[in-house]
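The chains referred to below are lettered A, B, ... by the order of the sequence lines, with proteins before strands, and numbering in each begins at 1.
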Amino acid sequence: MAGIKDVANWAGVSIATVSNVINHTKAVSPELTARVYAAIEALDYAVNPVGRGLKSNRTRQIGVIVPSFSQVFFPAVLQGIHESAMQHGYSVSVFESNSNMDTEKEHIRFLQHSWIDGVILASYANRENISDREYIRTLAKMGNEKKAIPVVTLENALDPALDAVIVDNCHAAETAVSHLLSLGHKKIAHIAAPLRLQIGQLRLSGYKKCLRDASIPFSNRLVCEGDYSPRSGYLCAKNLLKQGEAFT
DNA sequence: ATGAGTAATGCTTTGTTTCC
DNA sequence: GGAAACAAAGCATTACTCAT
C-alpha cells in the first residue's frame with residue numbers, strides 16, 4: 001500500500017505539498033497539483049485513516065447500534081444513515097444489541113475504544129429504570145470527554161444532555177386510532193411496543209387518549225404487548241382472537 | 001506567492017535498556 | 001530472570017522557517 005511519502009517521491013514534491021493538495025489547506029500551483037494527482041492515481045493511493053486519525057483525532061467512522069436487524073423499522077433507518085454518512089464522507093459500522101442491555105453496553109464499551117467519531121443508538125435502556133440511569137449518564141458524558149464521542153439516540157429521548165431523533169409516538173398512535181374510528185370501527189385492539197420502554201407507554205397513552213376523546217371505554221383485554229417483531233405481532237393477534245374479545 | 005524541509009503532535013505497540 | 005521505564009516506529013497533519 002502506497003503512503004503519502006511514496007506519493008511525494010513519485011510526484012517529486014514534499015509530503016507537506018501532498019497533504020496541502022489533498023486537503024486544499026494551502027495554495028499549490030496547478031502544475032504540482034496535477035503531478036500530485038497523477039501520483040495518487042498511479043500508486044492507487046488512499047489516505048490511511050489510522051495515520052489521519054492519529055493527528056486529527058477523527059476517523060470519519062460512525063457506530064450505529066440497533067436492537068435488531070430483522071425488525072421492519074431498522075433496515076430503512078440504516079439505509080438512510082448510510083446514505084447520509086456517505087454524502088458527508090463518513091462510513092458506518094453497524095452493531096446489533098438483540099434487544100439486550102448487556103450486549104448494548106458491550107457494544108458501547110467497544111466503540112468508546114474504537115476511535116469512532118460518533119454513535120447513533122437505538123437504545124433499549126429505560127430512564128425510569130434505576131439500573132439503567134448510570135448507563136445513561138455514561139452515554140451523556142461521552143460527548144464531553146477529552147476524546148468526545150457524541151451520542152445521538154433514536155426513538156428514545158433518554159436524557160436532556162443527549163441529542164435524540166424521535167417520533168411523536170403519542171400523536172402517531174392517536175392518528176392511527178382516529179383513522180380507524182373515522183372508518184366506523186369502535187372496538188380497536190392495540191398490539192403495543194414493549195411497555196417497559198417510554199415508546200410503549202407513549203403509544204399506549206395516545207391510544208387511550210383517542211378512545212377517551214371518542215367516549216369509548218378502554219379495555220385492558222384489548223391491549224397485547226409485543227416486542228416489535230413480526231412474530232410477536234402474529235402471536236399477539238392470535239392471543240387477542242383466542243381470548244374471544246371482539247374487535248374490528 | 002509558492003514550495004521545500006523539518007519537527008512536533010496524536011496514540012498504541014513493540015523493542016530495548018535499566019534496575020532490583 | 002523479571003519487572004519497570006524508556007525509546008522508537010508507524011502515518012498524516014500542521015506550523016514554522018527558509019529559499020526561490
Report task. For Tyr124(A), check ring-ring contact (aromatic ring centres under 6.0 Å, His included) against everything at least two apart and list the hits. Result -> none

**Report entry** Touch class at under 4.0 angstrom, heavy-atom based, for Leu32(A) against every strand present
**Finding:** sugar-phosphate

Requested in this report: For Arg60(A) and dC11(C), give me the distance from atom CZ to atom P, rounded to whole Å.
Outcome: 22 Å

Query raised in the report: Does the side chain of Ser232(A) pick up a donor-acceptor pair with the side chain of Asp227(A) at under 3.5 Å?
Result: yes

Give every pair of a protein N or O atom and an N or O atom of nucleotides 15-20 of chain C that lie under 3.5 Å apart, one pair per line with the distance.
none

Query raised in the report: Should Tyr45(A) be listed as having a side-chain N or O under 4.0 Å from OP1 or OP2 of dC11(C)?
Result: no

Requested in this report: Round to the nearest Å and state the distance from Asn20(A) atom CG to dT14(C) atom P.
Outcome: 8 Å

Query raised in the report: Between atom CD1 in Ile15(A) and atom P in dT13(C), what is the gap in whole Å?
Result: 10 Å

Query raised in the report: Touch check for Thr17(A), heavy atoms < 4.0 angstrom, all strands: base, sugar-phosphate only, or nothing?
Result: sugar-phosphate

Query raised in the report: Taking the inter-plane angle between the rings of His190(A) and Tyr207(A) on a 0 to 90° scale, is it parallel (under 30°), tilted (30 to 60°) or perpendicular (over 60°)?
Result: parallel

Query raised in the report: Side chains of Ile4(A) and Ser19(A): does their closest heavy-atom pair fall under 4.5 Å?
Result: yes

Report task. Output the distance between atom CD1 (Ile166(A)) and atom CD1 (Ile199(A)), rounded to the nearest 0.5 Å. Result -> 10.0 Å

Query raised in the report: Contact class for Val13(A) (heavy atom, under 4.0 Å): base, sugar-phosphate, or nothing?
Result: sugar-phosphate

Query raised in the report: Just wondering, more than 12 heavy atoms not from Glu41(A) lying within 6.0 Å of its CD?
Result: no

Requested in this report: Rounded to the nearest angstrom, tell me the gap between atom CD1 in Ile4(A) and atom C1' in dC11(C).
Outcome: 8 Å

